[in-house]
Colleague: 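Here it is, the structure, as C-alpha cells.
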Amino acid sequence: MDREARVFAESHFRGLEGCLPRRVGPQLDRVDFIEKPDSFSYADFFKGYLLPNLPCVFSSAFTEGWGSRRLWVTPSGKPNFDYLLQNYGDVVVPVANCGVREYNSNPKEHMPLRDYISYWKEYIQGNYSSSRGCLYLKDWHLCRDSSAEGVFTLPIYFSSDWLNEYWDALDVDDYRFIYMGPTGTWSPFHADIFRSFSWSVNICGRKKWFFFPPGQEEALRDCHGSLPYDVTSPTLLDSRLHPMRDHCSPPLEVTQEAGEMVFVPSGWHHQVHNLEDTISINHNWVNGCNLANMWHFLQQELCAVQQEIIDWRDSMPDWHHHCQVIMKSCSGINFEEFYHFLKVVAERRLLLLAKGMGPGKVEGGKGTRLGPEQAAFDIGRIAEVLESVVAHPDFQRVDTSAFSPRPEELLQQLGEAVAATTSL
C-alpha cells in the first residue's frame, strides 16, 4: 500500500458510521473481469473492489505460473489423478455428500485421498452417478497438512490476510483450502465464515457462481425466517413459503473458467456449482477493510446464542460465560479470542512500524507483504474496532485480568501510534 491508497482508505472509513457493516451501493448487473496483470496494481484492486466490497474475476493470466496448474492437470485439462495419488494419496481428506442435506449444509466423512479418487473414477465411469451419492472433497487444509511449496503463489492483491497470519502465529490451524469434485458437486447457499473475504482459483474445470449482495439474502428467507439451502430450487417461487422473494433482485451469475480467480467480497451470500470435474484453491481472509464486518457478525452470533438460552439466564450460574463458551463451539471464536486476534495483529504492526520496514519487504514465512503505510492503516482500523469491543457490555464481563497487555493498554498504544502516523 502506498501513501495515496492509505489516505484514500482512511477517508473512505471516515465516511462510514463507526463499526457498522458495509452494504453495497447500486445493484450491479455484471461482475468486472480483470484481464492483464501488468496493468492492474494492488492500489487498483484496493480502491476498486476491496474497499467498496465488490466482486471481480481475474483472468487465467494471473495464475499461469502456478505449479498446480501444470502438475495437477492433464494436457486435456482434466484432473491428473496419477500425480495426485503419487504425491498425496495417503493424506486423509474431508468429503461432503452433496446429495444429503444436514441443516443448511452437507454431512462429512474422512477418507484417504486415494479412496476419494477411486470413488471419483468410478463416478465418472458410472455416467456421473453412484450409489454412494455425489461426494465432494471440501476444506482440505493442504498448507497445514503437508508442503504446498510450488503449488501456488499468493497473489499480492490478497496478501494482507490477518486471519491466516493469526493462525500461522499460533501454528494450529489455517483458512487455506483445496476443493475437488466431479461434475454436479456444489456448495449450498452461504456467506463465508466470520464474514471474511475469500478468493477461489480453478486449477482445472469450470464453476457457476450465484452472488447476492449483502442484505439481499433477507428477502430469500422463508416464512419461518430460515435462509434457503438451494437458491436454484423451484420452492423459492412459492410466495407462501417465501413471501419476500419478489423483493430480491436476481443474483449475479458468473461462470468461472480454468485458471480464473474469483474475489468474493465480505458478507455476499453465494452458491457454487461445478460444471465439470474441478479442482480449486480457496482462501478465507480478513483485514482492515472487513474487520468491522467480522466484529458485527460476532455480536450477532452472541445475541443468537443468548436468545437461544435466555430461559436459563436467572438459574444458570455464569450464564454470560456459558454464552461465550457456546458461541466459540458454534462459531469457532468468541469475544476473548477476537481480542487475542486483534492483539496479535496489532503487536506485529506496531513492531513493523518500530523497525521502519520499507515497502514490499516480505514479513514471515507465508509471504505477507507489508510496508509502513499498510501497517499504519491496519493500526487505525484495529484501534477503531477495539474501541467498540472494549465498550461492549458483554466484553466487559470477560475476565481480562490475565491479558497482556490489558485491552485498555493496547488501545492506548494504538491511539498513540495512530496519532504519530497521522502527523507524518
Side-chain angles (χ1 to χ4, degrees), residues 31-46 48-50 54-81 83-84 87-88 137-144 146-161 163-164 174-181 183 185 187 192 196-209 211 254-265 268 270 272-285 287 360 362 365-369:
V31 174
D32 288 348
F33 186 76
I34 315 301
E35 189 169 353
K36 297 180 180 180
D38 293 343
S39 59
F40 191 72
S41 68
Y42 177 81
D44 291 332
F45 174 70
F46 185 83
Y49 302 95
L50 200 59
L54 298 174
C56 64
V57 179
F58 297 78
S59 77
S60 60
F62 287 82
T63 63
E64 63 182 0
W66 288 16
S68 52
R69 287 195 57 198
R70 183 179 70 258
L71 300 173
W72 292 16
V73 185
T74 67
S76 62
K78 301 295 184 183
N80 189 336
F81 292 139
Y83 180 88
L84 294 169
N87 288 271
Y88 309 107
L137 189 163
K138 301 177 71 172
D139 301 328
W140 171 21
H141 293 260
L142 173 65
C143 294
R144 187 185 68 190
S146 59
S147 174
E149 185 176 354
V151 171
F152 70 96
T153 301
L154 180 66
I156 191 172
Y157 313 104
F158 315 135
S159 58
S160 178
D161 176 355
L163 201 57
N164 288 298
D174 71 357
Y175 286 88
R176 308 177 182 97
F177 307 106
I178 306 296
Y179 282 44
M180 56 177 72
T183 304
T185 47
S187 293
D192 286 326
S196 58
F197 299 126
S198 67
W199 60 263
S200 177
V201 173
N202 280 354
I203 303 306
C204 63
R206 303 167 70 234
K207 291 181 185 287
K208 181 67 169 290
W209 295 73
F211 282 111
V254 172
T255 299
Q256 179 190 14
E257 304 292 341
E260 293 180 351
M261 180 164 59
V262 170
F263 166 61
V264 182
W268 282 61
H270 51 281
V272 192
H273 295 254
N274 288 329
L275 305 178
E276 297 176 357
D277 295 340
T278 301
I279 300 175
S280 65
I281 296 178
N282 313 272
H283 283 200
N284 293 99
W285 48 300
N287 61 27
V362 174
K366 298 292 184 179
T368 302
R369 296 161 239 185

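Sequence positions, counted from 1, serve as the residue numbers for this chain.
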Colleague: What is the minimum heavy-atom distance between Leu54 and Gly48, and which atoms define it?
Modeller: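 For Leu54 and Gly48, the tightest heavy-atom pair comes out as CD1-O, 4.1 Å.
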Colleague: Among all residues two or more places apart in sequence or in another chain, which pass the ring pair (Phe, Tyr, Trp, His ring centres under 6.0 Å) test with His141?
Modeller: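 With sequence neighbours excluded, His141 shows a ring pair (Phe, Tyr, Trp, His ring centres under 6.0 Å) to Phe177, given in chain and number order.
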Colleague: May I ask you to decide if Ser198's main-chain N or O and Asn284's side chain share a donor-acceptor pair within less than 3.5 Å?
Modeller: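 Flag not set: sc Asn284 to bb Ser198 has no pair under 3.5 Å.
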Colleague: Can you name the residues that form a salt bridge (charged side-chain N to carboxylate O under 4.0 Å, His left out) with Lys78, not counting sequence neighbours?
Modeller: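 Salt bridge (charged side-chain N to carboxylate O under 4.0 Å, His left out) check on Lys78 returns nothing, list empty.
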Colleague: For the backbone of Leu50 and the side chain of Tyr157, can you confirm whether one donor and one acceptor N or O come within less than 3.5 Å of each other?
Modeller: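 Checking the backbone N and O of Leu50 against the side chain of Tyr157, no donor-acceptor pair under 3.5 Å is found.
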Colleague: When you measure from the side chain of Ser187 to the backbone of Val272, do you find a donor-acceptor pair of N or O atoms at a distance under 3.5 Å?
Modeller: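 Checking the backbone N and O of Val272 against the side chain of Ser187, no donor-acceptor pair under 3.5 Å is found.
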Colleague: As an exercise, state the distance from SG of Cys143 to CG of Asp174, rounded to the nearest 0.5 Å.
Modeller: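 Going from the SG atom of Cys143 to the CG atom of Asp174 covers 6.0 Å.
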Colleague: What residues form a salt bridge (charged side-chain N to carboxylate O under 4.0 Å, His left out) with Asp44, not counting sequence neighbours?
Modeller: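 None.
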Colleague: Please work out whether the ring planes of Phe211 and Trp268 are parallel, tilted or perpendicular, with thresholds of 30° and 60°.
Modeller: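 Rings of Phe211 and Trp268: perpendicular, as their planes differ by over 60°.
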Colleague: Nearest 0.5 angstrom please: Asp32 CG to Tyr49 OH, how far?
Modeller: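 Nearest 0.5 Å value for the CG-OH distance: 3.5 Å.
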Colleague: Once rounded to the nearest 0.5 Å, what's the spacing between atom CD of Glu276 and atom CG of Asn202?
Modeller: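 Glu276 CD to Asn202 CG: 9.0 Å, rounded to 0.5 Å.
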Colleague: Partners of Asp192 by salt bridge (charged side-chain N to carboxylate O under 4.0 Å, His left out), sequence neighbours excluded?
Modeller: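 So Asp192 forms no salt bridge (charged side-chain N to carboxylate O under 4.0 Å, His left out) with any residue.
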Colleague: Counting N and O atoms only, with roles assigned by atom type, does the side chain of Asn287 sit under 3.5 Å from a partner on the main chain of Ser160, one being a donor and the other an acceptor?
Modeller: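 Yes, the answer is positive, given that a donor and an acceptor are paired below the 3.5 Å cut-off.
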Colleague: How many angstroms lie between atom CH2 of Trp72 and atom CD1 of Ile178, to the nearest 0.5 angstrom?
Modeller: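 Nearest 0.5 Å value for the CH2-CD1 distance: 4.0 Å.
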Colleague: Roughly how far, to the nearest 0.5 Å, is CZ of Phe197 from CG of Leu163?
Modeller: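 It is 11.5 Å, given to the nearest 0.5 Å.
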Colleague: Tell me, with the steps shown, if Val73 and Asn80 meet side-chain contact (heavy atoms from CB on, under 4.5 Å).
Modeller: CA-CA 5 Å; Val73 185; Asn80 189 336; 5.6 Å; no
Colleague: Would you mind listing every side chain to side chain donor-acceptor pair (under 3.5 Å) that reaches into residues 254-264, with sequence neighbours excluded?
Modeller: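 For residues 254-264: Arg206-Glu257, Trp209-Gln256.
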Colleague: Mind checking salt bridge (charged side-chain N to carboxylate O under 4.0 Å, His left out) for Arg144 and listing every partner two or more places apart, or none if nothing turns up?
Modeller: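 With neighbours one apart ignored, the set is Asp173.
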Colleague: Decide if the gap between the ring center of Phe263 and the ring center of Phe58 is smaller than 6.0 angstrom.
Modeller: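 They do not qualify: ring centres at least 6.0 Å apart.
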Colleague: Quiz question: by atom type and distance under 3.5 Å, do the side chains of Tyr179 and Asn274 form a donor-acceptor pair?
Modeller: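 No, no side-chain donor-acceptor contact under 3.5 Å.
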